[in-house]
Asks: 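The structure under discussion is supplied below as structure tokens; questions concerning it will follow.
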Amino acid sequence: MKVNITETTDTCKKINWDDMLDSELLDTIPTNKELKGNNTILDKGLHNKNVIHENTGQKRKSKNTELKVKKVRSDSNEEIKQQVPTETCKQGNNKNNHFRKQKYTKAIKNWLSNLEPPTEDITDLDNIVNDSKSSVDIIQQNTHNSHKEKLVIEKTSKTNKKVVQAQLANKDGIMKFSKPQPNAEDTKNINEAVETKPKEKKVKKFVAPIKSQIPVKDITYELHTLDEDNLDDHREGLHEIINIEIIAVLIYSNGFCQLNSHHTDGTCTPDGIIVNSDDMFYCFKGAGQKIKEALKCLLENNTVICYGAQNILSYLKTHLQMDRINPKIYDAKIGASLLEPDNPPENFSDVQKLLSFSAQYTVATECTLQKAAWYMSLLKQCWAKLYAMLAEDNLWKVFVEIEMKLLPIIAGMECRGLCIDMSKLKSMEEVLLNRMKAVEQQCYKAAGKVFQINSAVQVRAILYDELQLDAKCNVRIRETLCKGAKSTSETMLRSLMNEHPLPKLIMEYRHLHKAHATFLAGIAQHIKDGVVRPTWVQTAAATGRIASNNPNLQAIPKAPFDCVMFPEAGDTDNSQLMFRSIYVSRPGFSLVAADFRHVECRVFAHAAADAGLLRALADHPDLFRALAQHWLKKPEAEIVPEERERTKRLVYASLYGAGTRKLMEILDVDYQQALQVAASFNSSAADLCKLAMILSEEQLRTSSPPVDAHLLLQIHDELVWEVNDLHVDRAAAIIKQAMEGCGQWCGMTVPLPVAISTGKDWGSMQTLEN
DNA sequence: TTAGTGACGCTACG
DNA sequence: CGTAGCGTCA
């Protein structure tokens, strides 16, 4: 294995990997297809892994070959798991470990004898194998944690340590070869696989596949680099570019462009923008006045096709201060993810695969700009294909009317960012940390020892093995999804909390810890100059929703946060924290939030035409309260907020899961059709929210006199603006009107009431009547 | 010995 | 149901 690794790296040096497309890379790996054929789930796994490695640049090449390896290994693990039924968690784990160890050592032997003859190593290895075996046995007798196992190995074979580590490091690769054959029927296949894989290993010093697959043409694109000085020389040519489709692609400081940006890492900054019309390529660099003007003219007078429009727009905004530019822009990335929402392409080569497009030739060049130009010509061809496919699937309208109009809005949100009140953050953190320490100590006291409260494994051991709380409470503990171990989730802890103080304390600690790690410390990482700028991802969700990350501002708790969950008699410190209140408006501005009143439910009611739900929506201002009242059979006044929240969660969960079944009943259609209806309802809810953004933004822009308002957040059915203090009332009215008009635009028969509230910080918003 | 990684568990939001 | 994120463990 070691040998192989070095070989790979050596080979890597010779090949110009940067020239290679991922599709080409993948095609050269023979077992890939076989594996794909074997198991579709694995196929998906492979894809994901591939995606993950996409950004790691140089690393990727060596890993690429490992992908399959890892995949196979995980597969074998699964099979092993199936073979060894887990009983109680500890024993099961040990057994499992033991089993794996045996497999592993056996594998090493087999593998070594198959390949190189490292005589020394083999003898060493035998020792190690024996040692580890015996140590495992010892462990099994002890039935204690696995740290000892490691210790034993280290002690007995100190001199062989390096060998062991080398083997351990390669264990992934080795496991693959010794993969057991659990089913007799598969034996043949596996034999084949075993045969092909080592073969492939040796073949691994493959020649650059790009050369064998795609002809290289010696083409030089006509490319001009424009800066402030030589712009005038090309002014005539630029002026002729009007009313046609142009391609625009960002070029980064390391020479790569958006279309092969998987070679870039986070440190790369946009360095310029290449524009292509017909056969001419212009590369605009710098931020001079003339450049700005020329670029602006170019972008506004033509239809712009690009890949990753958000990056381009934010480049224009931040580097060139072109704020209110609103070109007619088509983004191939988003178009492609519309075509396949369940599995959106992650990079340009994915898009090509999706369109079953393959480059006819590549260019022989070391010049990065020429390379970028070649990529752009590919993009141009892809776009033609994409356009046809979008039109064919009736997605063109959605693409143009919704997704593309959303682009500038989202770019605006990203640039603006949200102001943070640091002092508030600090003080909250202090309160939280103090409380956490106290709870932590109480936990140790209650458990009788020190343990890691965050570790589900340790908590499980204490709760169920030592204290045997499940037996005492006579509760059946739900099992976790993957390993089937006893769950320590909140609902389970709740059912145990009367028996022992520990569950309560654990719940509270988790609560506090999560809050601190995610909503204070987690947010703090992303603050720059008192502003936090999340990334908004349009293409992430299969449901068509927009997702936010770094940080995820959509998940900031809405409800006030109790520092003390179970206030005791003597406890006076029942301070509450509002995590949303650390987000404040800029001086001279106010925050304005507009909230659809349970859109999801309304859209569902509309889609299913459920009379009862429609009536409930019409009669009750607060649907969840009404539902809670109905289900719990309590008078409405007695519903406490907690119950309401739980009802809400239940409704959301069942809306998607059980929603399909209900639709099936109501509409009297079969499962497939119901699924379709449900999907369409899902996406229409998401589209409704997007539409709300577009329409209200449009109204605000076009209103006269102009309103100084900036969209900051989209939390699915809530929109948050930052509005100049002087314009608040007017903006609120415009927003409300625009949003309530969305329903009609979509043909909804159910009214969509919108609640508007304003305030200086996001935590304390006052509802605005009228 | 350590840093990186993928799998898993839990829980915020809607 | 499906986003994101944090933490542990091997």
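By convention in this document, chain letters (A, B, ...) are assigned in the order of the sequence lines, proteins followed by strands, and residues within each chain are numbered from 1.
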Asks: May I ask you to say what A:Ile556 touches in the nucleic acid, namely base, sugar-phosphate or nothing, with a heavy-atom cut-off under 4.0 Å?
Replies: sugar-phosphate
Asks: Sequence neighbours excluded, which residues qualify as ring-ring contact (aromatic ring centres under 6.0 Å, His included) partners of A:Trp721?
Replies: none
Asks: Please determine if A:Lys648 and A:Glu600 form a salt bridge, counting it only when a charged side-chain N lies under 4.0 Å from a carboxylate O.
Replies: no
Asks: Can you figure out which of C:dG7, C:dC9, B:dA12 approaches the side chain of A:Ala555 most closely?
Replies: B:dA12
Asks: If you only use heavy atoms from C-beta on, which nucleotide in C:dG7, B:dA12, C:dA4 is closest to the side chain of A:Asn552?
Replies: C:dA4
Asks: Rounded to whole Å, how long is the line connecting atom CZ of A:Arg460 with atom P of B:dC8?
Replies: 13 Å
Asks: Would you indicate, yes or no, if B:dC10 has its OP1 or OP2 atom less than 4.0 angstrom from a side-chain nitrogen or oxygen of A:Thr488?
Replies: yes
Asks: Please state whether the rings of A:Phe624 and A:Tyr652 are parallel, tilted or perpendicular, taking 30° and 60° as the class boundaries.
Replies: tilted
Asks: Could you tell me how far apart A:Gln714 (CD) and B:dG14 (P) are, to the nearest whole angstrom?
Replies: 12 Å
Asks: Please check the phosphate of B:dG9 (OP1 and OP2 only) for any side-chain N or O of A:Thr480 closer than 4.0 Å.
Replies: yes
Asks: Can you identify which nucleotide, out of C:dG7, B:dC8, B:dA12, has its nearest atom closest to the A:Cys482 side chain?
Replies: B:dC8
Asks: Touch check for A:Ala542, heavy atoms < 4.0 angstrom, all strands: base, sugar-phosphate only, or nothing?
Replies: sugar-phosphate
Asks: Which of these nucleotides, C:dA4, C:dC9, B:dC13, is closest to any side-chain atom of A:Pro557?
Replies: B:dC13
Asks: Heavy atoms from C-beta onward define the side chain here; which of C:dG7, B:dG9, C:dC6 lies closest to that of A:Thr518?
Replies: C:dC6
Asks: Under 4.0 Å from OP1 or OP2 of C:dG7: is there any side-chain N or O of A:Ser455 that close?
Replies: no
Asks: What heavy-atom pair brings A:Pro345 and A:Ser337 nearest, and what distance separates the two atoms?
Replies: CD-CA, 3.9 Å
Asks: Whole angstrom is fine here: how far is it from NE2 in A:His516 over to P in B:dT11?
Replies: 19 Å
Asks: Of the candidate nucleotides C:dT8, B:dA12, B:dT11, which contains the atom at the shortest distance from the side chain of A:Phe519?
Replies: B:dA12
Asks: To the side chain of A:Thr543, which of B:dG9, C:dC9, C:dG2 is closest?
Replies: C:dG2
Asks: Does either side chain, that of A:Arg580 or that of A:Ser764, offer a donor lying less than 3.5 Å from an acceptor on the other one?
Replies: no
Asks: If only side-chain N and O atoms of A:Gln554 are considered, is one of them under 4.0 Å from the OP1 or OP2 phosphate oxygen of C:dG5?
Replies: no
Asks: If you compare every side-chain N and O of A:Arg649 against the phosphate oxygens of B:dG14 (OP1, OP2), does one of them come in below 4.0 Å?
Replies: no
Asks: For A:Leu553 and C:dT3, what is the distance between atoms CG and P respectively, to the nearest whole Å?
Replies: 18 Å
Asks: Where the side chain of A:Lys558 is concerned, which of B:dC13, B:dG9, C:dC6 is the nearest nucleotide?
Replies: B:dC13
Asks: Between P on B:dC8 and CD on A:Glu479, what's the gap in Å once rounded to a whole number?
Replies: 15 Å
Asks: Name the nucleic acid region contacted by A:Gln458, choosing base, sugar-phosphate or nothing; use a 4.0 angstrom heavy-atom cut-off, strictly under.
Replies: sugar-phosphate
Asks: May I ask you to say what A:Glu490 touches in the nucleic acid, namely base, sugar-phosphate or nothing, with a heavy-atom cut-off under 4.0 Å?
Replies: sugar-phosphate
Asks: Could you please name the option among B:dC10, C:dA4, B:dG14 that lies closest to any side-chain atom of A:Ser489?
Replies: B:dC10
Asks: Expressed in angstrom and rounded to an integer, what is the separation of A:Trp536 atom CH2 from B:dC13 atom P?
Replies: 15 Å
Asks: Quick one: on DNA chain C, does A:Ala540 or A:Asn454 contact a more 5' nucleotide (nearest heavy atom)?
Replies: A:Ala540
Asks: Within a strict 4.5 Å, meaning less than it, do heavy atoms of the A:Met428 and A:Phe579 side chains meet?
Replies: yes
Asks: Between B:dC13, B:dC8, C:dA4, which one does the side chain of A:Asn549 approach most closely?
Replies: C:dA4
Asks: Using distance only, find each side-chain donor-acceptor pair of residues 511-523 of chain A under 3.5 Å and give its atom names and separation, not counting sequence neighbours.
Replies:
from: A:His513; atom 1: NE2; to: A:Asn454; atom 2: ND2; distance (Å): 3.3
from: A:His516; atom 1: NE2; to: A:Glu429; atom 2: OE2; distance (Å): 3.0
from: A:Thr518; atom 1: OG1; to: A:Lys514; atom 2: O; distance (Å): 3.1

Asks: Counting only side-chain N and O atoms of A:His511, is one of them less than 4.0 Å from OP1 or OP2 of B:dA12?
Replies: yes
Asks: Under 4.0 Å between any heavy atoms, over every strand shown, what does A:Gln525 touch: base, sugar-phosphate, or nothing? Just pick one.
Replies: sugar-phosphate
Asks: Rounded to whole angstroms, how far apart are CD1 on A:Ile523 and P on B:dA12?
Replies: 15 Å
Asks: Specify the separation, in whole Å, of atom CG of A:Leu432 and atom P of C:dC6.
Replies: 15 Å
